[in-house]
Amino acid sequence: MKTGNKITLFYTLITISVIALVSVTFYFVSTNYITRLYYSYLTEKAYATAEKHWEKDEVDPESYARIQQRYEETLPVATEILLNADSVVETRAALTPYLTENQITKLYEGNVITFSQGLQVGAAVYYPDNEGNFIVLVISSNQYGGDIQKRIGWLLFVLIVISIILVYFVGKLYAIRMVDRIDAAYQSEKSFISNASHELNNPLTAIQGECEISLLKERTPDEYQAALKRIASETKRIIQLMKHLLFLSHGDKEILKNATERVYLADFLFQFASNRVCFSADDYSLAIDANPYLLKIAISNIISNACKYSGNEIVDMRLHDNILEIEDQGIGIPAEELNRIYQPFFRASNTREYAGHGIGLALSLRILNTYGAKVRITSIQDKGTKVSIEFCRIF
């Protein structure tokens, strides 16, 4: 079974088990409450029946009228059985079809007894009076309560069925997305490790080659010096690459821990102006809170790419409102590869003749995104690329 299906089934079983447990608990609690409520109505009816038969000669007409009204309002459809409790043998015989011996004993002790007989339920009360001691049974069919219980049962059943279907398909969709995300992360990590190993291996191989060639025979001081310069250059390349890799491994909170200060964008960006980079701004008062060193790395990487891939063409850098645009007239990026340029070590297919690691842009995006900036890149192959940076926290 595929991982996505396993996750879906597990998620569905857990969720439905919880829903079923809650539904069953609710059903039994609600039905038990309905039954107890109906038993209380039966008990009230039994006492109202006893008062109606044996209190008429003991109360005034107004009080008896209230007793009569109470009798009529409590469960109008019910079977009433009146027994003389003092005739123990006959009364016990009459009660036997409805109550057990233990229940009859408790009834004679003055307890209210509730019972069920087939589809009917009833209540029995012991009623002492000046005319004697009596027992009243009220028996009725809890039709409305039964209908409510059935409706609740069917409603919960339909709810569970709908929940199973809904949870399964939602879980399947979630599982597919999650598995796809995990697979994409795995492939990205695999590609990152492969590319990082490759980029680190190139300068190390060059250093090793220079050392082996230099040791083959005696060299002149100039030749040793030239070899050392090449080794130093490759070593610097490794150090720079390692710094970038370490920085990319940091979380956003770690990046934000670097000391920040108020940076006025126009004055800050002016340092990148040169004979290759034309800078213009329409507002010199815009400022953000950022680390100047990290911000310089982010902007310089983008400008460096613009200059590298545009030959001798001028690179335009414009700051208007809170948006910085860096536009070149270079080789551009193939349309089908534009959505991949944010990945570390990815280099467009038309950049193989240019030196680079494919990590500078990813590093710039990481820094800018950490400071709340939104980056959008548009490009047309063989015509040029424009990078738009929208700074969100402007002062």
Side-chain angles (χ1 to χ4, degrees), residues 188-189 191-251 254-255 257-259 268-277 290-312 315 317 326 328 330-331 341-371 385 387:
S188 178
E189 181 180 357
S191 175
F192 182 87
I193 294 172
S194 176
N195 290 327
S197 301
H198 176 74
E199 292 295 336
L200 289 171
N201 184 64
N202 287 343
L204 288 173
T205 302
I207 291 172
Q208 183 182 14
E210 287 291 342
C211 292
E212 290 176 351
I213 291 173
S214 298
L215 294 172
L216 286 176
K217 64 177 183 178
E218 290 290 332
R219 304 285 178 176
T220 64
D222 290 340
E223 288 175 330
Y224 280 125
Q225 190 174 18
L228 288 172
K229 286 181 178 180
R230 288 191 290 271
I231 291 173
S233 176
E234 295 298 332
T235 302
K236 183 179 179 181
R237 181 180 166 190
I238 292 176
I239 292 173
Q240 188 70 15
L241 181 59
M242 289 301 298
K243 284 182 178 179
H244 289 172
L245 290 175
L246 287 172
F247 192 88
L248 282 175
S249 68
H250 291 168
E254 293 179 86
I255 296 174
K257 284 181 181 178
N258 291 279
F268 177 81
L269 295 171
F270 190 75
Q271 65 181 302
F272 300 107
S274 65
N275 58 341
R276 287 288 313 281
V277 180
N291 182 288
Y293 172 73
L294 297 180
L295 189 59
K296 182 177 180 180
I297 291 175
I299 302 299
S300 64
N301 282 343
I302 296 173
I303 293 174
S304 177
N305 283 346
C307 293
K308 184 194 329 184
Y309 298 124
S310 59
N312 296 320
V315 174
M317 183 168 59
I326 301 173
D328 65 59
I331 62 175
I341 61 174
Y342 304 98
Q343 301 173 7
F345 293 109
F346 176 78
R347 302 192 70 206
S349 57
N350 58 345
T351 62
R352 293 191 177 92
E353 297 179 1
Y354 300 85
H357 304 296
I359 199 172
L361 181 59
L363 183 62
S364 296
L365 294 176
R366 182 66 183 281
I367 295 171
L368 292 169
N369 289 336
T370 301
Y371 288 123
T385 301
V387 179

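Fair warning: this is a prediction, and the values are worked out from it, not measured in the lab.
The side-chain hydrogen bond (donor to acceptor under 3.5 Å, both in side chains) search around T351 returns none, not counting sequence neighbours. Shown here are the side chain to side chain contact (heavy atoms under 4.5 Å, CB included) partners of S300, two or more places apart in sequence or in another chain: F272.
No more than 12 heavy-atom neighbours from other residues, nucleotides or ligands sit within 6.0 angstrom of CZ on F270.
Between M317 and L269, the closest heavy-atom pair is CE-O, 3.5 Å. Closest approach of R276 to C307, counting heavy atoms only: NH2-O, 3.2 Å. Nearest heavy atom pair, residue S214 against residue A227, reads OG-CB, 3.5 Å.
Atom CG in L294 sits 11.0 Å away from atom OG in S364 (nearest 0.5 Å). Separating the CD1 atom in I331 from the OG1 atom in T385 is a distance of 7.5 Å, to the nearest 0.5 Å. For the atom pair CG (L365) and OG1 (T370), the distance works out to 10.5 Å, reported to the nearest 0.5 Å. Note that the CG atom of N291 and the CD1 atom of I367 stand 8.5 Å from one another [nearest 0.5 Å].
Although no hydrogens or angles enter the test, the distance criterion places a donor-acceptor pair under 3.5 Å between the side chain of T235 and the main chain of I231.
Residues I302 and L368 meet the side-chain proximity criterion, which asks for heavy atoms closer than 4.5 Å. For the pair Q225 and L228, the minimum side-chain heavy-atom distance is 4.5 Å or more. Contact annotation: the side chain of L295 approaches that of F268 to within less than 4.5 Å [non-hydrogen atoms, C-beta and beyond].
A salt bridge (charged side-chain N to carboxylate O under 4.0 Å, His left out) check over residues 210-227, counting only residues at least two apart or in different chains, returns the pairs E210-R230.
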